[in-house]
Enquirer: 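If you scroll down you'll find the structure; I have some questions about it.
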Amino acid sequence: MAKHTLSVLVENHAGVLSRVAGLFSRRGFNIDSLAVGVTEDPNVSRMTIVVDGDDYTVEQVTKQLNKLIDVIKIRQLNPSDSVARELALIKVTANSSTRPEIIQIVDIFRAKIVDVSKNTLTIEMTGVADKIAAFEEMLKQFGIKEMVRTGMIAIERGNQVIKIGSSEESE
Amino acid sequence: MKMIAAQALVKALEHEEVTTVFGYPGAANAPIYDALSKSTIKHILTRHEQGAAHAASGYARVTRKVGVCMATSGPGATNLITGIATAYMDSIPLIAITGQVSSEMIGRDVFQEVDITGATAPFCKHNYLIKSAKDIPKVIREAFHIASTGRPGPVLIDVPIDLQLEEIDFQYSKGPDIRGYKPTYKGHALQIKKIVEAIAESARPVICAGGGVITSNATAELTELVEGLGIPVATTLMGIGAIPVPHPLCLGMLGSHGVRAANLAVAKSDLLIVIGARAGDRATGQTDKFARQAKIVHIDIDPAEIGKNLGTNIPVVGDAKIILQQLLNYVDEHYKEKHYKTQWISTITQWKNAKPTNNIKEDGNNEQYVNPKYALSVLSEVTKGETIVVTEVGQNQIWAANYYQTVYPGGFLTSGGLGTMGYGLPAAIGAKVGSPEKTVIAIAGDGSFQMSMQELGTMKQWDIHIKIILFNNYRLGMVRELQKMKYQMNYFAVTLEGSPDFVKLASAYDIPGEKITNNSKVKEALDRALSYQGPYLLEFIVDPEESTL
Ligand SMILES: Cc1ncc(C[n+]2csc(CCOP(=O)(O)OP(=O)(O)O)c2C)c(N)n1
Ligand SMILES: [Mg+2]
């Protein structure tokens with residue numbers, strides 16, 4: 001099923017995340033990922049939610065989210081008009097013989113080594129989900145000990161902003 | 001003005017023009033109760049917190065105000081839950097105020113601690129856990145605003161006891177501005193025009209009126225529109241009373257428990273205009289088989305209801321009353337004359353007359369049982385449909401829905417969306433408190449009644465005069481019928497042996513009562529019950545085999 005990216009501006013209150021998460025499970029919507037953090041306005045948080053589903057589902061998700069009092073604004077992002085990134089930290093097994101090859105792969109993918117030990121390398125990788133998946137695939141042969149991902153965040157290109165209190169698309 | 005937050009809370013309720021609250025005290029809301037004792041607000045002590053929530057809900061429905069209920073933390077709060085969920089499903093404006101354990105103790109599973117905001121989030125329109133005492137007046141204002149505007153619903157406010165006791169500076173401001181909450185009231189002009197065109201093109205239009213028509217008080221507008229254009233109206237369970245049931249254009253209730261004329265009209269219609277209804281499964285059945293020949297117009301104040309259950313050709317978001325007014329502005333005399341559906345009206349009238357739901361004849365001279373359909377038909381006659389009828393859940397509910405003919409919106413109260421047994425008696429109590437000049441009749445089943453019969457004590461303590469009509473089939477009749485039809489008559493756990501003598505039980509609360517076992521005695525018994533100055537219980541013995549429809 002198709003993936004849709006929703007940017008959701010919410011009040012930066014305690015309990016908002018659980019309301020949003022609860023709504024998804026309660027109404028049987030499938031969430032691919034959910035990332036949340038504060039915005040340029042400290043009273044407002046922005047969630048990036050990747051939803052798995054058809055157009056009916058996305059419409060329902062949007063309408064139900066809009067019913068939450070703490071949800072201020074929702075915008076579905078058009079992939080061709082926005083930049084999306086995810087961060088992954090990956091710990092791979094490495095020894096003196098495999099380390100050079102891993103470093104080479106890291107370079108090719110423009111990832112970054114953030115920690116080294118005698119038998120591990122910890123790598124920071126940002127990118128779209130596909131790129132991270134490809135990177136993970138390349139590292140599997142060495143043995144991935146641990147992996148942690150943030151979920152996707154996204155922002156529109158150019159002058160487009162999601163502004164509270166107006167229905168305009170850009171300013 | 002300086003005062004403790006519990007006083008500020010009560011003061012805020014006074015500012016909201018609350019005159020009555022229903023509730024139950026405990027340690028965690030003791031400061032609120034202390035403040036309440038010094039207020040002009042009347043507190044009605046129920047016998048169970050669920051009763052308080054249902055009573056507040058019944059009160060809200062007849063007064064068109066927000067109902068308020070209160071409970072202590074822990075079990076007090078969880079006892080409210082069924083009442084809150086019931087109000088949520090039926091879009092009833094309700095405020096529930098619960099005491100909570102001390103804020104620094106939250107999360108440690110202390111005595112009578114429960115996460116009530118977490119528990120009720122799925123069936124509250126919104127809820128609050130107070131974090132700072134000074135927020136209380138603002139939260140109360142917001143809560144009333146949210147509960148009563150847009151699509152109404154319950155809002156819960158959980159107040160830790162330490163914060164109730166904190167001193168704050170009381171200030172009350174009107175009109176909250178909540179940036180994430182801006183309901184739409186006026187229909188989009190373009191969509192209104194499309195409806196007008198669709199009506200002109202249609203030969204067999206039907207309006208499906210739901211509870212939203214009653215909530216927005218749109219009966220006059222609806223009646224004017226359908227009389228002008230000759231459009232029949234089917235109602236949902238919550239929509240009963242949206243147009244007077246005896247009105248020639250009222251088809252009755254549609255759906256799995258509805259009447260043939262309503263379902264037939266919807267099935268044959270070429271234009272179905274759903275107003276203030278969420279097209280719930282009990283009204284529509286399988287949606288792909290519902291109103292198959294019809295273009296669908298869906299008018300609702302909650303955009304999330306449009307397209308949720310029913311594919312829609314013309315969606316309109318807004319308030320039923322305002323949109324009906326917008327429609328009326330379009331249809332002048334010329335339009336009415338040109339597009340009046342004469343032919344269609346004569347067809348639906350034939351369907352209606354083939355199986356009338358009024359003037360039910362007593363079937364023979366059965367010495368053992370009262371026919372409930374007949375009894376309700378007599379009740380409609382003797383009351384002219386002008387009382388407030390509040391039902392329980394089960395066969396008694398559907399009999400009342402189809403055979404009691406209310407003549408005004410708010411004259412028929414029932415738990416539609418949740419189907420909550422035990423709703424009837426406490427909701428009737430709230431209705432009577434809210435509308436003391438009206439006769440309030442609680443229609444009960446022997447099963448449902450026993451879920452809330454402790455509220456007879458509330459009736460007695462507060463001198464609340466309700467007439468109770470209890471249809472006793474010694475069974476959980478509706479479940480028994482299900483077992484009969486779908487489980488090879490394997491009757492299990494549906495007989496209510498051990499029920500009390502209900503007439504004696506009533507008399508223990510000084511409520512007079514009679515047991516009636518014969519159709520020929522029904523009319524006189526109803527006359528006696530209705531003319532008696534005080535509460536009264538009539539127990540009608542009903543055949544367990546009596547069918548729902
Ligand atoms: C709280 C609750 N529990 C269970 C049910 C399931 N249920 C629906 S109707 C019914 C039987 C109701 O019996 P009674 O009140 O005697 O009404 P009758 O159908 O006999 O008229 C039951 C158990 C329910 N609706 N609500
Ligand atoms: Mg029964």
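The figures here come from the full heavy-atom set of this structure, side chains too, leaving out hydrogens, waters and symmetry mates. All chains are named by letter (A, B, ...) in the order of the sequence lines, taking the proteins before the strands, and each is independently numbered beginning at 1. Note that this is a predicted model, so its numbers are computed, not measured.
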Enquirer: Measure the CD1-CD distance between Ile306(B) and Glu59(A) for me, rounded to the nearest 0.5 Å.
Expert: 10.0 Å

Enquirer: At a heavy-atom separation under 4.5 Å, does Leu23(A) approach chain B through its side chain, its backbone, both, or neither?
Expert: neither

Enquirer: Quick check: closest heavy atoms across Gln64(A) and Ala304(B), and the distance to 0.1 Å?
Expert: NE2-CB, 3.6 Å

Enquirer: Enter the distance from Lys308(B):NZ to Lys63(A):NZ here, rounded to the nearest 0.5 Å.
Expert: 10.5 Å

Enquirer: Considering only heavy atoms, which portion of Asn127(B) lies under 4.5 Å from any heavy atom of chain A: side chain, backbone, both, or neither?
Expert: both

Enquirer: Taking atom NE2 of His13(A) and atom NZ of Lys131(B), what is their separation to the nearest 0.5 Å?
Expert: 9.5 Å

Enquirer: Output the option from Ala121(B), Gly307(B), Gly118(B) having the highest count of non-hydrogen pairs under 4.5 Å with chain A.
Expert: Gly307(B)

Enquirer: Does Glu146(A) CD have over 12 foreign heavy atoms under 6.0 Å away?
Expert: no

Enquirer: Heavy-atom count around His15(B) NE2 within 6.0 Å, excluding the residue itself: above 12?
Expert: yes

Enquirer: Rounded at 0.5 Å granularity, tell me how far CD1 in Ile178(B) sits from CD1 in Ile69(A).
Expert: 6.0 Å

Enquirer: Whether Glu11(A) and Arg179(B) form a salt bridge (side-chain N of Lys/Arg under 4.0 Å from carboxylate O of Asp/Glu) is what I want to check.
Expert: yes

Enquirer: Need one label for Leu129(B): side chain, backbone, both or neither, based on atoms under 4.5 Å from any heavy atom in chain A.
Expert: neither

